[in-house]
Amino acid sequence: MKNRKTSMITGLIILLVAIGIAVGYSVFQSKQVPLTKIVGFVGGEKINFLKDPQVEKILSERYKLSLDIRKAGSLDMVRADLDGMNFLWPSSQTALELYKSLHGTPYKDDMIFTTPIVLYSFRPVAEALVQQGAATSDDGVYYLELEPFIRMIVEDKQWSDLGLDLWGDILIHTTDPSKSNSGNMFAGLVANMLNKGQVVQANEVKGISEELLHVFNKMGVMSVSSSDLFSLYLRNGISDRTITAGYENQMLELSKMEPEVWGKHKQDLVIIYPEPTVWSTHILIALDEQGARLMEALKDPEIQAIAWKGHGFRTSVTGAGDAVAEFKEVSGVAESIRKVMPAPGYDAITPIISYFQ
């Protein structure tokens with residue numbers, strides 16, 4: 001009996017050792033799967049997200065992907081030489097439509113997340129706008145009535161007309177509409193405002209073109225990257241970049257990625273939500289099967305959570321309501337974007353962009 005029991009124990013040990021070896025070998029084999037390098041163009045506002053160590057780890061360990069990314073404006077990347085590229089990741093439907101017009105239907109495309117177009121400014125400016133009745137403050141969130149403000153720019157009103165001790169005409173800095181998504185989206189929004197607050201149609205663009213160019217010519221040389229423009233806003237301050245158009249996520253990301261910088265300036269920097277505004281939809285364009293693999297990986301729930309909590313991009317499951325508490329260090333973040341209008345269609349935005357080329 002004792003020998004039989006000993007044999008059973010020995011057999012069980014052998015079985016457990018065999019299972020352990022099999023599991024260990026399986027894990028070893030999985031770790032030996034080589035990474036697939038995915039190459040593509042990316043809008044500058046998403047660089048920090050894709051280089052987030054947590055995102056890189058998930059892509060590497062879970063999806064066996066590594067990224068080789070190159071920064072480019074949303075429209076520039078679509079027009080670029082795409083030889084050797086697996087994907088493009090611009091920031092709007094317009095870029096996708098331009099791609100289709102130049103190259104045909106892509107292998108695959110899908111929206112990964114969104115962020116609204118906002119205005120960045122400084123607290124004295126926001127307070128002056130409120131005092132003059134041009135803006136409101138609702139539970140600490142600043143909102144600017146955009147149509148009359150654009151009219152002030154067209155009419156060459158001065159910052160001093162708003163009670164500000166600043167030199168020069170009222171203007172809003174943005175990126176080059178012919179190269180960068182935030183610029184062309186804001187140009188489309190301005191065109192809508194000049195069209196009496198209605199979505200401008202292709203046959204109406206010529207009628208508002210003179211005023212549209214007047215608004216943008218005030219800016220002088222425009223940046224071609226949203227991230228570069230945001231850096232100028234932070235560096236040059238209130239007298240040079242009094243109001244700057246960009247993506248909401250840029251301020252939110254700053255508070256997470258550069259807490260020391262944020263701590264020094266958070267009392268002065270503010271987000272102003274133009275009403276109406278437009279959504280920037282960050283659509284990934286897969287050029288082949290490898291790009292499609294990245295597309296599916298970026299929809300991973302854990303990556304989507306990082307997109308919001310670490311970088312301020314609004315996703316389908318985060319970025320609204322109580323979730324804004326994630327950015328409690330940033331005052332005035334809207335729980336929801338309450339007034340949104342459609343951007344001009346591709347047949348209208350195309351001639352608008354052409355004015356800046």
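If you're wondering where the values come from, they're calculated on a predicted model, not measured in any experiment.
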Enquirer: How close do I112 and K299 get, counting heavy atoms only, and between which atoms?
Expert: CD1-CG, 4.2 Å

Enquirer: Return all side-chain donor-acceptor pairs below 3.5 angstrom for residues 349-357, not counting sequence neighbours, or 'none' if the list is empty.
Expert:
unit_1, atom_1, unit_2, atom_2, d
T350, OG1, Y346, O, 2.7
S354, OG, P351, O, 2.5

Enquirer: In Å and rounded to the nearest 0.5 Å, what is the CG to CG distance from L252 to L254?
Expert: 9.5 Å

Enquirer: Does a salt bridge link K196 with E147, judged by any charged N lying under 4.0 Å from a carboxylate O?
Expert: no

Enquirer: Return the OG to CZ distance between S178 and F216, rounded to the nearest 0.5 Å.
Expert: 11.0 Å

Enquirer: Would you check, one step at a time, whether the test ring pair (Phe, Tyr, Trp, His ring centres under 6.0 Å) holds for Y120 with Y247?
Expert: CA-CA 9 Å; Y120 289 117; Y247 301 113; 9.4 Å; no

Enquirer: Would you say the side-chain atoms of E97 and Q93 include a donor-acceptor pair closer than 3.5 Å?
Expert: yes

Enquirer: Applying side-chain contact (heavy atoms from CB on, under 4.5 Å), run through R338 and Y273 and close with a yes or a no.
Expert: CA-CA 10 Å; R338 63 188 194 183; Y273 292 87; over 6 Å; no

Enquirer: Is there a donor-acceptor pair closer than 3.5 Å between any side-chain N or O of Q304 and the backbone N or O of L298?
Expert: yes

Enquirer: Any chance the side chains of D300 and Y63 put a donor and an acceptor closer than 3.5 Å?
Expert: yes

Enquirer: Side-chain contact test, heavy atoms from C-beta onward, threshold under 4.5 Å: evaluate it for R70 versus V39 and give yes or no.
Expert: yes

Enquirer: Could you tell me whether the side chain of N181 and the main chain of S91 form a donor-acceptor pair under 3.5 Å?
Expert: yes

Enquirer: Under a 4.0 Å threshold between the charged nitrogen and the carboxylate oxygen, would D288 count as salt-bridged to K108?
Expert: no

Enquirer: Quick one: does any side-chain atom of Q132 pair with a main-chain N or O of V130 as donor and acceptor, under 3.5 Å?
Expert: no

Enquirer: Given side chain to side chain donor-acceptor pair (under 3.5 Å), test S227 with S225 step by step and report yes or no.
Expert: CA-CA 5 Å; S227 57; S225 165; 2.8 Å; yes

Enquirer: Quick one: does I337's side chain get under 4.5 Å of R314's, heavy atoms only?
Expert: yes

Enquirer: T136 and D138: side chain to side chain donor-acceptor pair (under 3.5 Å), yes or no, with the steps?
Expert: CA-CA 6 Å; T136 59; D138 185 357; over 6 Å; no

Enquirer: Treating S180 as the side-chain partner and P177 as the backbone partner, does any N or O pair qualify as donor plus acceptor under 3.5 Å?
Expert: no

Enquirer: So, for F87 and Y107, is the gap between ring centers shorter than 6.0 Å?
Expert: no

Enquirer: If you compare all heavy atoms of N184 against all heavy atoms of L75, which two are closest, and at what distance to 0.1 Å?
Expert: ND2-CD1, 3.4 Å

Enquirer: Is the closest side-chain heavy-atom distance between P344 and E204 below 4.5 Å?
Expert: no

Enquirer: Would you find more than 12 non-hydrogen atoms of other residues, nucleotides or ligands less than 6.0 Å from N217 atom CG?
Expert: yes

Enquirer: Checking E45 against N249: is there a side-chain donor and acceptor pair closer than 3.5 Å?
Expert: no

Enquirer: Does L35 reach the side chain of L65, with side-chain heavy atoms less than 4.5 Å apart?
Expert: no

Enquirer: Whether D76 and K71 form a salt bridge (side-chain N of Lys/Arg under 4.0 Å from carboxylate O of Asp/Glu) is what I want to check.
Expert: no

Enquirer: Is it true that atom NZ of K218 has more than 12 heavy atoms of other residues, nucleotides or ligands lying nearer than 6.0 Å?
Expert: yes

Enquirer: Are E56 and K51 within salt-bridge range, i.e. N to O under 4.0 Å?
Expert: no

Enquirer: Nearest 0.5 angstrom please: K266 NZ to S255 OG, how far?
Expert: 9.5 Å

Enquirer: Answer whether the closest heavy-atom distance between the side chains of I272 and Y143 falls below 4.5 Å.
Expert: no

Enquirer: Any non-hydrogen side-chain atom of V154 less than 4.5 Å from a side-chain atom of L194?
Expert: yes

Enquirer: Distance check, rounded to the nearest 0.5 Å: I153 atom CD1 versus I172 atom CD1?
Expert: 4.0 Å

Enquirer: Looking at N192 and V200, would you say the former's side chain and the latter's main chain have a donor-acceptor pair under 3.5 Å?
Expert: yes

Enquirer: If the plane angle is over 60° it's perpendicular, under 30° parallel, otherwise tilted; pick one for F49 and H311.
Expert: perpendicular

Enquirer: Shared ILVMFWY cluster between V215 and L213, side chains joined below 4.5 angstrom?
Expert: yes

Enquirer: Using modelled atom types and a 3.5 Å cut-off, is there a donor and acceptor pairing between side-chain atoms of E155 and backbone atoms of M152?
Expert: no

Enquirer: Enter the distance from L146:CG to T277:OG1 here, rounded to the nearest 0.5 Å.
Expert: 8.0 Å

Enquirer: Under a 4.0 Å N-O cut-off, is there an ion pair linking K256 with E326?
Expert: yes

Enquirer: Does the pair Q158 and D169 meet the rule for a side chain to side chain donor-acceptor pair (under 3.5 Å), with working shown?
Expert: CA-CA 4 Å; Q158 306 282 297; D169 290 352; 2.3 Å; yes

Enquirer: Does atom CG (D165) have a neighbourhood of more than 12 heavy atoms from anything else shown, all under 6.0 Å?
Expert: no

Enquirer: Should we say atom CD of E296 is surrounded by more than 12 heavy atoms from elsewhere, each under 6.0 Å from it?
Expert: yes

Enquirer: Hey, does M257 have a side-chain heavy atom less than 4.5 Å from the side chain of N48?
Expert: yes

Enquirer: Strictly below 4.0 Å, N to O, side chains only: are E145 and K339 in salt-bridge contact?
Expert: no

Enquirer: Can you find a pair of side-chain heavy atoms, one from I47 and one from I69, that are under 4.5 Å apart?
Expert: yes

Enquirer: Can you confirm whether K309 is buried at NZ, in the sense that more than 12 heavy atoms of other residues, nucleotides or ligands lie under 6.0 Å from that atom?
Expert: no

Enquirer: Just by distance, do the side chain of S92 and the backbone of A95 share a donor-acceptor pair under 3.5 Å?
Expert: yes

Enquirer: Kindly compute the distance separating OG (S101) from CG (D347), expressed to the nearest 0.5 Å.
Expert: 12.0 Å

Enquirer: Closest approach of V333 and E248, non-hydrogen atoms and distance?
Expert: CG1-OE2, 4.1 Å

Enquirer: Keeping T175 on the side-chain end and G183 on the backbone end, is there a donor-acceptor pair under 3.5 Å?
Expert: yes

Enquirer: Minimum heavy-atom separation for P90 and I283, please, with both atom names.
Expert: CD-O, 3.2 Å

Enquirer: Counting only N and O atoms by type, is there a donor-acceptor contact under 3.5 Å from the side chain of S60 to the main-chain atoms of K57?
Expert: no

Enquirer: How far apart are the C-alpha atoms of R79 and L98, what are their side-chain angles, what is the distance that settles it, and do they pass the side-chain contact (heavy atoms from CB on, under 4.5 Å) test?
Expert: CA-CA 8 Å; R79 301 187 188 107; L98 177 59; 4.1 Å; yes

Enquirer: Ignoring hydrogens and angles, tell me if any N or O in the side chain of W89 forms a donor-acceptor pair with the backbone of H282 under 3.5 Å.
Expert: yes

Enquirer: What are the two closest non-hydrogen atoms of L96 and P106, and how far apart are they?
Expert: CD1-CG, 4.1 Å

Enquirer: At their closest point, which heavy atom of F149 faces which heavy atom of I243, and how far apart are they?
Expert: CZ-CD1, 3.8 Å

Enquirer: Carefully, step by step, assess D240 and H173 under the rule side chain to side chain donor-acceptor pair (under 3.5 Å).
Expert: CA-CA 9 Å; D240 181 61; H173 285 279; 5.3 Å; no

Enquirer: Is the distance between the ring centroids of W308 and F327 less than 6.0 Å?
Expert: yes

